[in-house]
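Worth knowing before you read on, the calculation uses all heavy atoms, side chains too, and leaves out hydrogens, waters and symmetry mates.
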Amino acid sequence: MVLKSKFRIFNDIGPVSEDIIYAAGIYSWNGFLESEGVSGLTQRLYESTSEQIKEWSNALEMKDAKFFATNLQSSMHWMLLKEFQEHVCYLDIETTGLYRDFDKVTVVGIYDGHSFQNLVRGRGLSKKAIQKSLSGCKLLVTYYGSCFDLPFLQSEFYGIDLNIPHFDLCFGGRKVGLTGGLKKIERRLGISRDSSISSVDGFEAVTLWYSFQKGNEKSLKKLLDYCMADTINLSKMAPLVFEKLNQLETSIRLDHLN
DNA sequence: TCACCGTCATTTTGGGCGTT
DNA sequence: AACGCCCAAAATGACGGTGA
(Lines give C-alpha, C1' and ligand atoms only; values in the text may rest on other atoms or scores of the structure.)
Protein backbone atom coordinates (compact mmCIF):
# COMPACT_ATOMS: atom_id res chain seq x y z
CA MET A 1 0.00 0.00 0.00
CA VAL A 2 1.73 3.11 -1.30
CA LEU A 3 0.20 5.69 0.95
CA LYS A 4 1.43 3.96 4.10
CA SER A 5 5.01 4.41 2.93
CA LYS A 6 4.65 8.18 2.49
CA PHE A 7 5.74 10.64 5.16
CA ARG A 8 5.87 13.87 3.18
CA ILE A 9 2.10 14.08 3.49
CA PHE A 10 2.42 15.01 7.15
CA ASN A 11 2.91 18.48 8.57
CA ASP A 12 6.53 19.51 9.04
CA ILE A 13 7.83 16.54 7.05
CA GLY A 14 9.41 17.46 3.74
CA PRO A 15 11.62 15.59 1.30
CA VAL A 16 14.70 15.81 3.51
CA SER A 17 13.06 14.45 6.65
CA GLU A 18 11.40 11.72 4.61
CA ASP A 19 14.78 10.63 3.28
CA ILE A 20 16.12 10.57 6.84
CA ILE A 21 13.29 8.23 7.80
CA TYR A 22 13.95 5.90 4.86
CA ALA A 23 17.67 5.95 5.58
CA ALA A 24 16.86 4.75 9.10
CA GLY A 25 15.35 1.65 7.53
CA ILE A 26 11.76 2.73 8.10
CA TYR A 27 9.53 2.26 5.10
CA SER A 28 6.03 2.24 6.53
CA TRP A 29 3.81 4.03 9.01
CA ASN A 30 3.78 0.95 11.22
CA GLY A 31 7.55 0.76 11.16
CA PHE A 32 7.67 4.37 12.24
CA LEU A 33 5.34 3.78 15.18
CA GLU A 34 7.22 0.65 16.25
CA SER A 35 10.55 2.45 16.32
CA GLU A 36 11.32 4.34 19.48
CA GLY A 37 12.45 7.38 17.57
CA VAL A 38 14.42 8.31 14.49
CA SER A 39 17.90 9.71 14.76
CA GLY A 40 17.99 12.92 12.79
CA LEU A 41 14.47 13.90 13.78
CA THR A 42 13.77 15.78 16.98
CA GLN A 43 11.70 13.92 19.54
CA ARG A 44 9.09 16.62 19.20
CA LEU A 45 8.80 16.01 15.44
CA TYR A 46 8.82 12.25 15.97
CA GLU A 47 5.87 12.51 18.32
CA SER A 48 3.79 14.91 16.27
CA THR A 49 4.34 12.68 13.23
CA SER A 50 3.31 9.60 15.22
CA GLU A 51 0.06 11.34 16.15
CA GLN A 52 -0.65 12.16 12.53
CA ILE A 53 0.07 8.57 11.50
CA LYS A 54 -2.51 7.32 13.98
CA GLU A 55 -5.07 9.78 12.70
CA TRP A 56 -4.47 8.85 9.06
CA SER A 57 -4.44 5.11 9.80
CA ASN A 58 -7.78 5.45 11.46
CA ALA A 59 -9.20 7.36 8.50
CA LEU A 60 -7.99 4.59 6.18
CA GLU A 61 -9.53 1.96 8.41
CA MET A 62 -12.84 3.81 8.36
CA LYS A 63 -12.56 4.40 4.61
CA ASP A 64 -13.23 8.02 5.44
CA ALA A 65 -13.34 9.53 1.96
CA LYS A 66 -14.00 13.08 3.17
CA PHE A 67 -10.87 12.98 5.32
CA PHE A 68 -8.68 12.27 2.32
CA ALA A 69 -10.55 14.70 0.08
CA THR A 70 -9.57 17.48 2.47
CA ASN A 71 -6.21 16.34 3.85
CA LEU A 72 -4.44 14.48 1.06
CA GLN A 73 -3.06 16.66 -1.73
CA SER A 74 -4.86 15.85 -4.94
CA SER A 75 -1.76 14.73 -6.81
CA MET A 76 -1.64 11.75 -4.42
CA HIS A 77 -5.29 10.70 -4.59
CA TRP A 78 -4.39 7.96 -7.04
CA MET A 79 -2.96 6.05 -4.10
CA LEU A 80 -6.50 5.35 -2.93
CA LEU A 81 -7.51 3.38 -6.03
CA LYS A 82 -6.96 -0.07 -4.48
CA GLU A 83 -7.98 1.01 -1.02
CA PHE A 84 -11.40 2.22 -2.19
CA GLN A 85 -11.76 -0.10 -5.17
CA GLU A 86 -15.29 -1.20 -4.31
CA HIS A 87 -16.44 2.43 -4.22
CA VAL A 88 -14.86 3.94 -7.31
CA CYS A 89 -16.91 5.92 -9.85
CA TYR A 90 -15.66 6.81 -13.31
CA LEU A 91 -17.16 10.03 -14.59
CA ASP A 92 -17.25 11.86 -17.89
CA ILE A 93 -19.50 14.66 -19.11
CA GLU A 94 -20.53 16.00 -22.49
CA THR A 95 -21.38 19.64 -23.02
CA THR A 96 -22.32 22.11 -25.74
CA GLY A 97 -18.80 23.54 -25.66
CA LEU A 98 -15.74 24.33 -23.59
CA TYR A 99 -16.87 27.45 -21.77
CA ARG A 100 -18.90 26.98 -18.68
CA ASP A 101 -20.19 30.53 -18.64
CA PHE A 102 -21.93 30.02 -21.98
CA ASP A 103 -22.25 26.29 -22.46
CA LYS A 104 -24.45 23.64 -20.87
CA VAL A 105 -23.95 20.10 -19.63
CA THR A 106 -25.74 17.69 -21.96
CA VAL A 107 -24.82 14.26 -20.61
CA VAL A 108 -23.26 12.95 -17.43
CA GLY A 109 -21.88 9.42 -17.65
CA ILE A 110 -21.11 7.45 -14.53
CA TYR A 111 -19.65 3.94 -14.36
CA ASP A 112 -19.28 2.22 -11.00
CA GLY A 113 -17.25 -0.71 -12.29
CA HIS A 114 -20.35 -2.84 -12.89
CA SER A 115 -22.95 -0.78 -14.69
CA PHE A 116 -22.98 2.40 -16.74
CA GLN A 117 -25.53 5.09 -16.16
CA ASN A 118 -26.17 8.22 -18.17
CA LEU A 119 -28.07 11.32 -17.17
CA VAL A 120 -29.37 13.31 -20.12
CA ARG A 121 -30.29 16.97 -20.12
CA GLY A 122 -34.07 17.30 -20.16
CA ARG A 123 -34.50 13.62 -19.34
CA GLY A 124 -33.66 13.41 -15.70
CA LEU A 125 -30.34 15.20 -15.43
CA SER A 126 -30.33 17.23 -12.23
CA LYS A 127 -28.17 18.05 -9.27
CA LYS A 128 -30.14 15.60 -7.17
CA ALA A 129 -29.79 12.81 -9.73
CA ILE A 130 -26.02 13.24 -9.96
CA GLN A 131 -25.72 13.41 -6.21
CA LYS A 132 -27.73 10.20 -5.87
CA SER A 133 -25.61 8.36 -8.43
CA LEU A 134 -22.49 9.36 -6.54
CA SER A 135 -23.87 8.71 -3.06
CA GLY A 136 -21.70 5.65 -2.40
CA CYS A 137 -18.66 6.99 -4.22
CA LYS A 138 -15.41 7.27 -2.29
CA LEU A 139 -13.10 7.92 -5.24
CA LEU A 140 -13.82 9.67 -8.52
CA VAL A 141 -11.77 8.87 -11.61
CA THR A 142 -11.79 11.25 -14.57
CA TYR A 143 -9.58 12.47 -17.35
CA TYR A 144 -8.85 16.15 -16.82
CA GLY A 145 -11.93 16.31 -14.64
CA SER A 146 -10.31 18.55 -12.06
CA CYS A 147 -10.06 21.29 -14.66
CA PHE A 148 -13.08 20.56 -16.83
CA ASP A 149 -15.78 18.14 -15.69
CA LEU A 150 -15.99 18.99 -12.01
CA PRO A 151 -15.78 22.79 -12.34
CA PHE A 152 -18.39 22.55 -15.13
CA LEU A 153 -20.73 20.59 -12.87
CA GLN A 154 -20.12 23.04 -10.01
CA SER A 155 -20.96 25.91 -12.31
CA GLU A 156 -24.20 24.44 -13.65
CA PHE A 157 -25.34 22.68 -10.47
CA TYR A 158 -24.41 25.28 -7.94
CA GLY A 159 -23.66 23.83 -4.51
CA ILE A 160 -23.27 20.23 -5.68
CA ASP A 161 -21.14 18.26 -3.22
CA LEU A 162 -18.12 16.86 -5.02
CA ASN A 163 -15.85 16.77 -2.01
CA ILE A 164 -14.63 13.28 -2.90
CA PRO A 165 -11.08 12.05 -3.48
CA HIS A 166 -10.33 12.30 -7.17
CA PHE A 167 -7.82 10.42 -9.32
CA ASP A 168 -7.32 12.60 -12.39
CA LEU A 169 -5.75 10.37 -15.04
CA CYS A 170 -4.51 13.37 -16.99
CA PHE A 171 -2.09 14.48 -14.30
CA GLY A 172 -1.28 10.98 -13.15
CA GLY A 173 -0.54 10.04 -16.75
CA ARG A 174 1.67 13.06 -17.32
CA LYS A 175 3.92 11.98 -14.48
CA VAL A 176 4.60 8.66 -16.18
CA GLY A 177 5.07 10.13 -19.62
CA LEU A 178 1.52 9.68 -20.95
CA THR A 179 0.53 12.97 -22.55
CA GLY A 180 -1.48 14.23 -25.47
CA GLY A 181 -5.09 13.63 -24.51
CA LEU A 182 -7.31 10.70 -23.63
CA LYS A 183 -7.69 9.16 -27.09
CA LYS A 184 -3.98 9.22 -27.80
CA ILE A 185 -3.13 7.64 -24.46
CA GLU A 186 -5.75 4.94 -24.97
CA ARG A 187 -4.06 3.96 -28.21
CA ARG A 188 -0.66 3.90 -26.56
CA LEU A 189 -1.96 1.62 -23.83
CA GLY A 190 -3.73 -0.65 -26.29
CA ILE A 191 -7.22 0.21 -25.07
CA SER A 192 -9.75 -0.03 -27.88
CA ARG A 193 -13.19 1.42 -28.56
CA ASP A 194 -16.04 0.17 -30.70
CA SER A 195 -15.65 0.99 -34.39
CA SER A 196 -19.08 2.64 -34.52
CA ILE A 197 -17.83 5.54 -32.39
CA SER A 198 -14.08 5.34 -32.94
CA SER A 199 -14.10 8.49 -35.06
CA VAL A 200 -16.21 10.60 -32.68
CA ASP A 201 -14.39 13.28 -30.76
CA GLY A 202 -15.37 15.97 -28.28
CA PHE A 203 -16.32 18.43 -30.97
CA GLU A 204 -18.63 15.95 -32.66
CA ALA A 205 -20.27 15.35 -29.32
CA VAL A 206 -21.46 18.94 -29.53
CA THR A 207 -22.94 18.57 -33.01
CA LEU A 208 -24.54 15.26 -32.09
CA TRP A 209 -26.34 17.01 -29.27
CA TYR A 210 -27.70 19.75 -31.53
CA SER A 211 -28.74 17.12 -34.05
CA PHE A 212 -30.64 15.34 -31.31
CA GLN A 213 -32.29 18.64 -30.33
CA LYS A 214 -33.65 18.84 -33.86
CA GLY A 215 -35.33 15.49 -33.34
CA ASN A 216 -32.69 13.00 -34.42
CA GLU A 217 -32.91 10.27 -31.83
CA LYS A 218 -30.06 8.32 -33.44
CA SER A 219 -27.70 11.16 -32.69
CA LEU A 220 -28.47 10.86 -29.02
CA LYS A 221 -27.80 7.13 -29.17
CA LYS A 222 -24.42 7.79 -30.75
CA LEU A 223 -23.62 10.50 -28.22
CA LEU A 224 -24.45 8.18 -25.34
CA ASP A 225 -22.34 5.40 -26.86
CA TYR A 226 -19.47 7.84 -27.14
CA CYS A 227 -19.87 8.99 -23.55
CA MET A 228 -20.03 5.38 -22.38
CA ALA A 229 -16.85 4.48 -24.26
CA ASP A 230 -15.01 7.43 -22.74
CA THR A 231 -16.24 6.60 -19.27
CA ILE A 232 -15.67 2.86 -19.29
CA ASN A 233 -12.24 3.29 -20.83
CA LEU A 234 -11.28 5.33 -17.79
CA SER A 235 -11.77 2.17 -15.76
CA LYS A 236 -9.39 0.27 -18.04
CA MET A 237 -6.82 3.01 -17.96
CA ALA A 238 -6.86 3.64 -14.21
CA PRO A 239 -5.12 0.44 -13.04
CA LEU A 240 -2.48 0.78 -15.76
CA VAL A 241 -1.64 4.35 -14.78
CA PHE A 242 -1.77 3.31 -11.14
CA GLU A 243 0.83 0.60 -11.69
CA LYS A 244 3.13 2.96 -13.56
CA LEU A 245 2.85 5.55 -10.81
CA ASN A 246 3.52 2.85 -8.25
CA GLN A 247 6.67 1.75 -10.05
CA LEU A 248 7.79 5.36 -10.38
CA GLU A 249 7.33 5.92 -6.64
CA THR A 250 9.33 2.89 -5.60
CA SER A 251 12.15 3.66 -8.03
CA ILE A 252 12.33 7.21 -6.69
CA ARG A 253 12.52 5.89 -3.14
CA LEU A 254 15.31 3.47 -4.01
CA ASP A 255 17.15 6.30 -5.77
CA HIS A 256 17.10 8.39 -2.65
CA LEU A 257 18.59 5.60 -0.60
CA ASN A 258 21.73 5.64 -2.70
C1' DT B 1 20.72 35.41 27.39
C1' DC B 2 21.31 37.04 22.73
C1' DA B 3 22.66 37.51 17.90
C1' DC B 4 23.76 34.98 14.13
C1' DC B 5 23.84 31.11 10.80
C1' DG B 6 22.46 26.86 8.40
C1' DT B 7 18.85 23.70 7.34
C1' DC B 8 14.36 22.52 6.06
C1' DA B 9 9.42 23.41 5.35
C1' DT B 10 6.10 26.23 3.47
C1' DT B 11 4.28 29.78 0.49
C1' DT B 12 4.36 32.39 -3.70
C1' DT B 13 4.98 33.06 -8.62
C1' DG B 14 4.97 32.00 -13.62
C1' DG B 15 4.27 29.01 -17.68
C1' DG B 16 2.01 25.18 -20.06
C1' DC B 17 -1.56 21.90 -20.70
C1' DG B 18 -6.23 19.68 -22.28
C1' DT B 19 -11.24 19.67 -21.84
C1' DT B 20 -16.42 20.12 -25.48
C1' DA C 1 -14.62 33.37 -25.56
C1' DA C 2 -11.81 30.11 -19.65
C1' DC C 3 -9.81 27.98 -16.14
C1' DG C 4 -7.85 24.97 -12.53
C1' DC C 5 -4.15 22.06 -11.90
C1' DC C 6 0.70 20.72 -11.77
C1' DC C 7 5.62 21.42 -11.46
C1' DA C 8 9.81 24.05 -10.69
C1' DA C 9 12.19 27.86 -8.93
C1' DA C 10 12.47 31.59 -5.87
C1' DA C 11 11.20 33.92 -1.63
C1' DT C 12 9.88 33.69 3.05
C1' DG C 13 9.54 31.71 7.61
C1' DA C 14 10.49 28.59 11.60
C1' DC C 15 13.57 26.13 14.34
C1' DG C 16 17.83 24.44 16.50
C1' DG C 17 22.62 24.87 17.35
C1' DT C 18 26.75 27.63 18.30
C1' DG C 19 29.71 30.81 20.61
C1' DA C 20 30.48 34.53 23.55
**Message:** Between the base of B:dC17 and the side chain of A:Tyr144, is there a donor and acceptor pair under 3.5 angstrom?
**Reply:** yes
**Item:** 5' priority, DNA chain C, between A:Asp168 and A:Leu98 [closest heavy atom]
**Value:** A:Leu98
**Message:** Strictly below 4.0 Å: does A:Ser17 bring a side-chain N or O up to OP1 or OP2 of B:dA9?
**Reply:** yes
**Message:** Between A:Thr95 and A:Asp103, do the side chains contain a donor N or O and an acceptor N or O under 3.5 Å apart?
**Reply:** no
**Asked** For A:Trp78 and A:Phe171, what are the C-alpha separation, side-chain angles and deciding distance, and is it a ring-ring contact (aromatic ring centres under 6.0 Å, His included)?
**Response** CA-CA 10 Å; A:Trp78 63 272; A:Phe171 299 108; over 10 Å; no
**Message:** Rounding to an integer number of Å, can you tell me how far A:Tyr210 OH sits from B:dT20 C1'?
**Reply:** 10 Å
**Complete:** Rounded to whole Å, CG of A:Asp12 lies from P of C:dC15 at a distance of 8 Å
**Asked** Closer than 4.0 Å, any side-chain N/O of A:Thr106 to the OP1 or OP2 of B:dT20?
**Response** no
**Request:** Could you check A:Arg44 against A:Pro151 and say which one's nearest nucleotide on DNA chain C is further toward the 5' end?
**Result:** A:Pro151
**Prompt:** To the nearest Å, how far apart are A:His77 NE2 and C:dC6 P?
**Reply:** 9 Å
**Under 4.0 angstrom between A:Arg100 side-chain N/O and C:dG4 OP1 or OP2** = yes
**Prompt:** Do you see a donor-acceptor pair shorter than 3.5 Å between the side chains of A:Glu243 and A:Gln247?
**Reply:** no
**Separation of A:Thr106 OG1 from A:Ile93 CD1 (nearest 0.5 Å)** = 8.0 Å
**Asked** Between A:Arg174 (CZ) and C:dC7 (P), how many Å, whole number?
**Response** 10 Å
**Item:** Stems formed with participation of DNA chain B [Watson-Crick or G-U wobble, under 3.5 Å, three or more pairs]
**Value:** B:1-19 with C:2-20
**Prompt:** What is the nucleic acid contact for A:Gly180, judged by heavy atoms within less than 4.0 Å: base, sugar-phosphate only, or nothing?
**Reply:** sugar-phosphate
**Message:** Please tell me if A:Lys104 has a side-chain N or O lying less than 4.0 Å from either OP1 or OP2 of B:dT20.
**Reply:** no
**Request:** Rounded off to whole Å, could you give me the CZ-to-C1' distance for the A:Arg8 and C:dC7 pair?
**Result:** 13 Å
**Heavy-atom donor-acceptor pair, A:Gln131 side chain to A:Asp161 backbone, under 3.5 Å** = yes
**Message:** Tell me the interatomic distance from A:His166, atom NE2, to B:dT19, atom P, rounded to whole angstroms.
**Reply:** 13 Å
**Prompt:** Rounding to a whole Å, what distance do you find between A:Leu150:CG and B:dT20:P?
**Reply:** 13 Å
**Item:** Backbone of A:Phe32 reached by a side-chain donor or acceptor of A:Tyr46 within 3.5 Å
**Value:** yes
**Prompt:** Toward the 5' end of DNA chain B, which comes first, A:Phe148 or A:Phe171, by nearest nucleotide?
**Reply:** A:Phe171
**Request:** Could you tell me the separation between the CG atom of A:Asp92 and the C1' atom of B:dT20, rounded to a whole number of Å?
**Result:** 10 Å
**Request:** Measure up the A:Phe7 and A:Tyr22 rings against each other and bin them: parallel (under 30°), tilted (30 to 60°), perpendicular (over 60°).
**Result:** perpendicular
